[in-house]
Amino acid sequence: MPGQPLPVLMYHHVSPKPGLVTCSPENFRAQMCWLAENGWKTLSTAEFSAALTAGSWPKKSVLVTFDDGYLDNWVHAHPVLAEFGLRATIFLITGWVGDGPARSGTPEVPTHKQAMAAAAEGKLDDAFMRWSEVEAMRAAGTADFHSHTHTHTRWDRRIADQATRDAALAEDLAASRATLAARLGEATPHLCWPQGYYDAAYQRIARAAGFSHLYTTEHGVVRAGVDPARLPRLVAKDRGASWFGRRMSIYGRPWLSALYLGLKSGKRH
């Protein structure tokens, strides 16, 4: 029998502006409300790690993850998580997090396209969180923060020479881990790959840098015995509670999730 599944949900933006990898505040609130009302526990990253080590976890356990650390995570996701007493894991591009006071009210947030343009122009504060906002979310218990590298660079596309590429990645990962340790007081073993890309060399370098839990964009649920260096996730779409509830009811059941995900995998090949 397939083991008890543990869904790891993947979000990026929570924003009233539609766009790529974006969930509206209304649908995000509906999804989090569904989790709370149906008895699901959103694990902290430490609880998730402990569950993997133990090889078992209670039914209705879920890890909610966000990639990149956009400003809208603070403006729109944080209040919803606080409202329902839920927790997320946010993977920060540590070189893109700025300084300054936590922003209050409901400041305007960019679309995904605008955020990428702002990053390219060095206008990072327009699109990404500040350390003060990171600290406020940690203090409120709405999120844990881990690495999405320091520069979000796809080194495989930038450098052809393997040794030079490996050195650049090692430097990037070391900078990210050191920044998180300096800012948050602890080194993280959790790393999410930019754009989901990795290979054997990437994995080796990440382990050497101190990262043991590596998060991918590969589609699937976590089960006992999963390789922590290849953790699958599930894309959370911009849909309401009924769609979300149906999916979670599938993902949370051993046989049904195995059958459903197996069929979905077959359709992609």
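Model, not experiment: these values are computed from the prediction.
For the 3.5 Å distance criterion, the side chains of Arg247 and Tyr260 qualify, holding a donor opposite an acceptor. There is no side-chain donor-acceptor pair under 3.5 Å between Tyr197 and Arg157. With no hydrogens or angles considered, no side-chain donor-acceptor pair links Arg223 and Gln4 at under 3.5 Å. Side chain to side chain, Asp72 and Tyr70 fail the donor-acceptor criterion of an N or O pair below 3.5 Å. No side-chain N or O of Arg233 forms a donor-acceptor pair with one of Thr216 less than 3.5 Å apart. His112 and Ser15 form no side-chain donor-acceptor contact under 3.5 Å, judged by distance and modelled atom types alone. Between the side chains of Gln203 and Asp199, no donor-acceptor pair is found at a separation under 3.5 Å. With hydrogens and angles left out, the side-chain atoms of Asp67 and Tyr215 include no donor and acceptor closer than 3.5 Å.
Between Trp34 and Trp40, the ring-plane angle classifies as tilted under the 30° and 60° cut-offs.
Between Glu133 and His78, the closest side-chain pair of non-hydrogen atoms is not below 4.5 Å. Annotation: side chain of Phe48 is not in contact with side chain of Trp57 (no heavy-atom distance under 4.5 Å). Within the 4.5 Å cutoff, side-chain heavy atoms of Val226 are placed close to those of Pro232. At a threshold of 4.5 Å between non-hydrogen side-chain atoms, the residues Arg253 and Pro5 do not count as touching. Arg103 is listed as a side-chain neighbour of Asp125, based on a closest heavy-atom distance under 4.5 Å. The shortest side-chain heavy-atom distance between Gln31 and Cys23 falls under the 4.5 Å cut-off. Taking 4.5 Å as the limit, every side-chain heavy atom of Arg130 sits out of range of all side-chain heavy atoms of Glu135. In this structure, Pro228 and Leu214 have side chains that are not in contact, with every pair of non-hydrogen atoms separated by 4.5 Å or more.
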Exercise answer: donor-acceptor pairs, residues 86-101 side-chain atoms, under 3.5 Å, sequence neighbours excluded:
residue : atom : partner : partner atom : Å
Arg87   : NE   : Asp144  : OD1          : 3.1
Arg87   : NE   : Asp144  : OD2          : 3.2
Arg87   : NH1  : Gly141  : O            : 3.2
Arg87   : NH2  : Asp144  : OD1          : 2.9
Thr89   : OG1  : Thr45   : OG1          : 2.8
Thr94   : OG1  : His150  : ND1          : 2.7
Thr94   : OG1  : Ser176  : OG           : 3.2
Asp99   : OD1  : Arg183  : NH1          : 3.1
Asp99   : OD1  : Arg183  : NH2          : 3.0
Asp99   : OD2  : Arg183  : NH2          : 3.4

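With salt bridges taken as basic N to acidic carboxylate O contacts below 4.0 Å, one links Arg138 and Glu186.
Looking only at distances, a side-chain donor or acceptor of Lys17 sits under 3.5 Å from a matching main-chain atom of Val109. The backbone N or O of Leu191 lies less than 3.5 Å from no partner atom in the side chain of Ser147, so there is not a single donor-acceptor pair. Without hydrogens or angle criteria, Asn73 side chain to His12 main chain gives a donor-acceptor distance under 3.5 Å. Within the 3.5 Å criterion, the main-chain N or O of Ser44 finds a donor-acceptor partner in the side chain of Glu47. Formation of a donor-acceptor pair under 3.5 Å by the Lys60 side chain with backbone atoms of Gly252 is not found in this model.
Minimum interatomic distance between Tyr198 and Glu218 (heavy atoms only, all atoms of both residues): OH-OE2, 2.6 Å. Of all heavy-atom pairs spanning Val221 and Pro7, the tightest one is CG1-CA, 4.3 Å. Nearest heavy-atom pair across Ala119 and Leu124 is CA-CD2, 3.7 Å.
Scored by the ring pair (Phe, Tyr, Trp, His ring centres under 6.0 Å) test, His148 finds His152 as partners (sequence neighbours excluded). Listed by chain and residue number, nothing satisfies the ring pair (Phe, Tyr, Trp, His ring centres under 6.0 Å) test with Phe211 (two or more places apart in sequence, or in another chain). Every residue was checked against the side-chain contact (heavy atoms from CB on, under 4.5 Å) condition with Ala50, not counting sequence neighbours, and none meets it.
With rounding to the nearest 0.5 angstrom, the CE atom of Met32 is 11.5 Å from the CZ atom of Arg29. Between the NE2 atom in His190 and the CG atom in Leu231 there is a gap of 9.0 Å [rounded to 0.5 Å]. Here the CD atom belonging to Gln162 is positioned 9.5 Å from the CG atom belonging to Asp156, to the nearest 0.5 angstrom. Between the OG1 atom of Thr142 and the CZ atom of Phe84 there is a distance of 14.0 Å, given to the nearest 0.5 Å. Here the CG atom belonging to Leu234 is positioned 6.0 Å from the CG atom belonging to Leu9, to the nearest 0.5 angstrom. To the nearest 0.5 Å, the span separating OG on Ser212 from CZ on Arg207 amounts to 9.5 Å.
When hydrophobic side chains of Ile, Leu, Val, Met, Phe, Trp and Tyr are connected at separations under 4.5 Å, Val21 ends up clustered with Leu20. Met10 belongs to a hydrophobic cluster whose remaining members, ordered by chain and number, are Val235; membership requires side-chain heavy atoms of ILVMFWY residues under 4.5 Å apart, directly or through intermediates.
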*asked:* Test side-chain contact (heavy atoms from CB on, under 4.5 Å) on His13 and Thr111; report intermediate values, then the result.
replied: CA-CA 8 Å; His13 297 277; Thr111 64; over 6 Å; no

*asked:* Set out, in order, the CA-CA distance, both residues' side-chain angles and the distance that settles side-chain contact (heavy atoms from CB on, under 4.5 Å) for Val134 and Leu184, then state yes or no.
replied: CA-CA 9 Å; Val134 169; Leu184 304 182; 4.0 Å; yes

*Yes or no on side-chain contact (heavy atoms from CB on, under 4.5 Å) for Tyr251 and Leu261, after CA distance, side-chain angles and deciding distance?*
CA-CA 8 Å; Tyr251 296 145; Leu261 291 167; 4.0 Å; yes

*asked:* Under the criterion side-chain contact (heavy atoms from CB on, under 4.5 Å), I'd like the reasoning laid out for Phe145 against Met129: C-alpha separation, chi angles, the key distance, then a yes or no.
replied: CA-CA 12 Å; Phe145 294 89; Met129 294 177 68; 4.1 Å; yes

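The 12-atom threshold is exceeded at CD of Glu83, counting heavy atoms of other residues, nucleotides or ligands nearer than 6.0 Å. Within a 6.0 Å radius of CZ in Arg158, no more than 12 heavy atoms belonging to other residues, nucleotides or ligands are found.
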